[in-house]
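Quick notes on the structure that follows.
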Amino acid sequence: MDFATKAVHAGQKPDSDCGAIITPIYQTSTYVQQSPGVHKGYEYGRTANPTREALEKNLAALENGNYGFAFASGMAATSAVMGLVKQGDHIIVTDNVYGGTYRYFQRIMTDYGLSFSFVDTSNLANVEAVLRPNTRMVFVETPTNPLLRISDLAQISKLCRRRDLLLVVDNTFLSPYFQRPLELNADLVVHSTTKYINGHSDVIGGIVIVKSEKIAERLKFLQNAVGAVPSPFDCWLILRSTKTLHLRMQQHNRSALKIAEYLSKHPKVERVLYPGLTSHPQHELAKKQQLDPYGQPGFGGMISFEMGSWQYGKALLESVKLFSLAESLGGVESLISHPASMTHASVPPEERQRIGLTDGLVRISVGVEAVTDLIEDLERALAKV
Ligand SMILES: Cc1ncc(COP(=O)(O)O)c(C=O)c1O
């Protein structure tokens with residue numbers, strides 16, 4: 001089935017009681033059994049919930065996976081993935097991952113006997129250089145947040161297959177509309193569904209999607225045993241949103257390209273990071289790897305740009321009116337943020353400097369408002385800097 005058709009229909013069927021076309025919110029903690037152990041497949045709300053299952057099936061279909069597991073946040077999804085490794089294992093991670101992922105790995109999981117190497121995974125040689133006999137997993141975010149560096153998933157997955165390593169890809173920035181890592185042989189896809197998948201800035205959620213039955217069995221066990229499950233209402237909200245994911249992503253992409261082109265010509269902007277610009281060092285890789293379901297390249301709605309100093313960046317953040325100053329991304333409304341003091345404040349300053357995350361860097365999440373209004377807002381604000 002086509003992506004757009006799956007977005008609307010996958011995992012959903014009219015309610016068997018009354019024919020409601022929309023999957024109901026099964027707001028229940030438990031289910032009545034006909035006799036001890038005899039039931040309709042549902043015993044307890046943490047273990048299974050029909051609204052959650054509908055969402056999991058829908059997102060698994062969009063990623064071309066076989067199984068999906070929904071969690072209460074993107075971080076809870078990443079934490080479930082950590083249940084696939086054990087004490088003594090080594091994990092290679094993209095050095096410019098979301099700050100919360102970095103914090104979770106460095107400040108929590110190291111206490112449990114796991115070790116991490118943070119490297120620029122956009123260069124395969126960096127991954128090969130830190131391989132150890134106990135390496136078990138490679139965790140890649142591409143494009144990265146906020147530097148929009150791109151890792152070659154086909155290359156990394158070949159290395160992982162050769163060495164029997166699990167490849168996990170955080171696909172939050174592009175959504176399955178513009179990138180489907182399982183098709184490139186990744187083993188697991190993680191999303192903060194808080195972002196593009198929900199897209200309306202009203203839910204915190206996460207999902208893990210896999211093809212392998214064996215990994216799915218373990219994840220199902222972890223989902224129930226650890227219990228970081230989303231509420232049925234949140235699942236329902238996200239499921240409502242996936243029906244328009246393709247339409248929203250097309251608009252985010254179209255508008256972001258126009259804004260990136262506008263910013264790259266502005267004299268007060270030193271540098272624009274957007275994979276859709278030919279000036280992006282990995283523009284060719286982006287065109288090859290980031291494809292919509294019809295084979296056309298797409299670059300998403302995130303743009304970072306260098307204002308030269310914190311003072312200039314701050315002046316811009318304080319002058320915009322239509323862009324809201326806020327963390328998060330991927331919603332219908334446009335947001336602007338300062339990664340060094342907001343989303344990436346938990347990354348130590350020396351590490352931020354090492355990876356090139358400067359104090360003058362500004363990040364925008366381009367919403368679906370009229371692009372002319374968004375450019376006008378930036379124009380007015382930049383004039384004040
Ligand atoms: C790329 C990426 N991955 C994971 C997360 C964590 O997701 P959540 O905030 O839903 O826990 C975020 C949050 O900003 C993110 O940007």
Side-chain angles (χ1 to χ4, degrees), residues 142-150 172-175 177-179 195-196 199-201 244-283 286-287 290-292 296-309 312-340 342-343 356-358 360-385:
T142 182
T144 59
N145 178 8
L147 296 173
L148 297 154
R149 286 207 190 109
I150 299 170
T172 299
F173 260 42
L174 286 176
S175 90
Y177 189 74
F178 282 128
Q179 180 167 269
K195 310 296 172 354
Y196 287 106
H200 293 75
S201 311
T244 56
L245 180 64
H246 51 300
L247 303 173
R248 287 184 283 110
M249 290 313 293
Q250 288 164 17
Q251 189 58 47
H252 287 301
N253 184 60
R254 267 197 299 269
S255 297
L257 190 56
K258 285 203 178 124
I259 292 177
E261 279 164 357
Y262 160 77
L263 287 172
S264 61
K265 289 188 200 115
H266 199 286
K268 288 186 182 164
V269 176
E270 287 188 1
R271 193 165 59 112
V272 180
L273 303 172
Y274 183 67
L277 294 178
T278 50
S279 60
H280 188 284
Q282 292 155 304
H283 177 63
K287 279 203 308 196
Q290 303 180 178
L291 301 174
D292 74 12
Q296 292 304 310
F299 310 101
M302 299 303 297
I303 306 171
S304 293
F305 53 99
E306 182 57 53
M307 288 299 295
S309 74
Y312 293 153
K314 188 164 178 272
L316 175 68
L317 296 174
E318 286 173 351
S319 305
V320 284
K321 291 206 160 54
L322 195 50
F323 281 84
S324 302
L325 174 58
E327 293 198 4
S328 203
L329 58 109
V332 289
E333 52 288 285
S334 294
L335 303 180
I336 192 162
S337 70
H338 177 241
M342 296 167 74
T343 47
L357 202 167
T358 58
L361 195 78
V362 170
R363 188 190 83 176
I364 57 178
S365 168
V366 178
V368 300
E369 303 94 335
V371 69
T372 43
D373 288 335
L374 294 174
I375 291 179
E376 205 180 295
D377 192 35
L378 290 169
E379 178 85 3
R380 221 181 309 114
L382 280 164
K384 291 195 183 150
V385 174

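These figures come from a predicted structure and were not determined experimentally. For this chain, numbers begin at 1 and follow the sequence in order.
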ask   = Is any side-chain heavy atom of Thr358 less than 4.5 Å from a side-chain heavy atom of Glu306?
value = yes

query = Between Gln251 and His246, is there a donor-acceptor pair closer than 3.5 Å when you use the side chain of the first and the backbone of the second?
reply = no

ask   = Is there a side-chain contact (heavy atoms from CB on, under 4.5 Å) between Tyr177 and Gln250 once you walk through the steps?
value = CA-CA 9 Å; Tyr177 189 74; Gln250 288 164 17; 2.8 Å; yes

Atom pair OG1 (Thr172) and CE (Met302), whose distance is rounded to the nearest 0.5 Å = 11.0 Å

request  = Assess the pair Tyr274 and His280: is the distance between their ring centroids shorter than 6.0 Å?
outcome  = no

ask   = Between Leu357 and Ala340, what is the shortest heavy-atom contact and its length?
value = CD2-N, 3.9 Å

ask   = Do Phe178 and Leu291 have side-chain heavy atoms sitting under 4.5 Å apart?
value = no

query = How about Leu361 and Pro146: do any of their side-chain heavy atoms sit closer than 4.5 Å?
reply = yes

message = Once side-chain hydrogen bond (donor to acceptor under 3.5 Å, both in side chains) is applied, what residue pairs with a partner in residues 260-272 remain, sequence neighbours excluded?
response = Tyr262-Glu379

key: Where Ser337 and Leu325 come nearest, the two heavy atoms and their spacing   = CA-CD1, 4.3 Å

ask   = Are any side-chain N or O atoms of Ser324 and backbone N or O atoms of Ala326, one a donor and one an acceptor, separated by less than 3.5 Å?
value = no

task = Compare every heavy atom of Ile150 with every heavy atom of Ala286, then report the nearest pair and how far apart it is.
result = CB-CD1, 3.5 Å

key: Nearest non-hydrogen partners of Lys195 and Ser328, listed with the distance   = CE-OG, 3.2 Å

inquiry  = Could you go through Leu277 and His283, starting from their C-alpha distance and side-chain angles, then the distance that decides it, and tell me whether this counts as side-chain contact (heavy atoms from CB on, under 4.5 Å)?
reply    = CA-CA 7 Å; Leu277 294 178; His283 177 63; 5.9 Å; no

query = Do Val332 and Arg248 touch side chain to side chain, with heavy atoms closer than 4.5 Å?
reply = yes

remark   = Rounded to the nearest 0.5 angstrom, the CD1-CG distance for Ile259 and Leu374 is 4.5 Å

ask   = Within a strict 4.5 Å, meaning less than it, do heavy atoms of the Leu322 and Glu376 side chains meet?
value = no

message = Is there a side-chain contact between Phe323 and Leu378 in this structure, where contact means two heavy atoms from C-beta onward sitting under 4.5 Å apart?
response = yes

key: Nearest heavy atoms of Ala256 and Gly300, plus distance in Å   = CB-O, 3.3 Å

key: His252 side, atom NE2; Leu174 side, atom CG - distance, nearest 0.5 Å   = 11.5 Å

key: Donor-acceptor pair, side chain of Asn253 and main chain of Phe299, under 3.5 angstrom   = yes

request  = Measure across Leu263 and Ile303 and return the closest heavy-atom pair with its distance rounded to 0.1 Å.
outcome  = CD1-CG2, 4.3 Å

request  = Please examine the side chains of Leu382 and Leu316, heavy atoms only from C-beta on, and report whether any two atoms are closer than 4.5 Å.
outcome  = yes

task = Quick one: which residue pairs count as a salt bridge (Lys or Arg N to Asp or Glu O under 4.0 Å) with a foot in residues 313-334, not counting sequence neighbours?
result = Lys314-Glu318

message = Nearest 0.5 Å, please: how far is CG in Leu245 from OH in Tyr196?
response = 10.5 Å

Note, Arg254 side chain near Val371 side chain (heavy atom, < 4.5 Å) = no

query = Rounded to the nearest 0.5 Å, what separation is found between the CG atom of Leu329 and the CD1 atom of Ile336?
reply = 13.5 Å

key: Side-chain (Thr244) to main-chain (Leu247) donor-acceptor, under 3.5 angstrom   = no

task = Just grab all the side-chain hydrogen bond (donor to acceptor under 3.5 Å, both in side chains) pairs involving residues 364-373, residues at least two apart or on different chains.
result = Ser334-Glu369

ask   = If you measure from OG on Ser304 to CD1 on Ile364, what distance do you get to the nearest 0.5 Å?
value = 8.5 Å

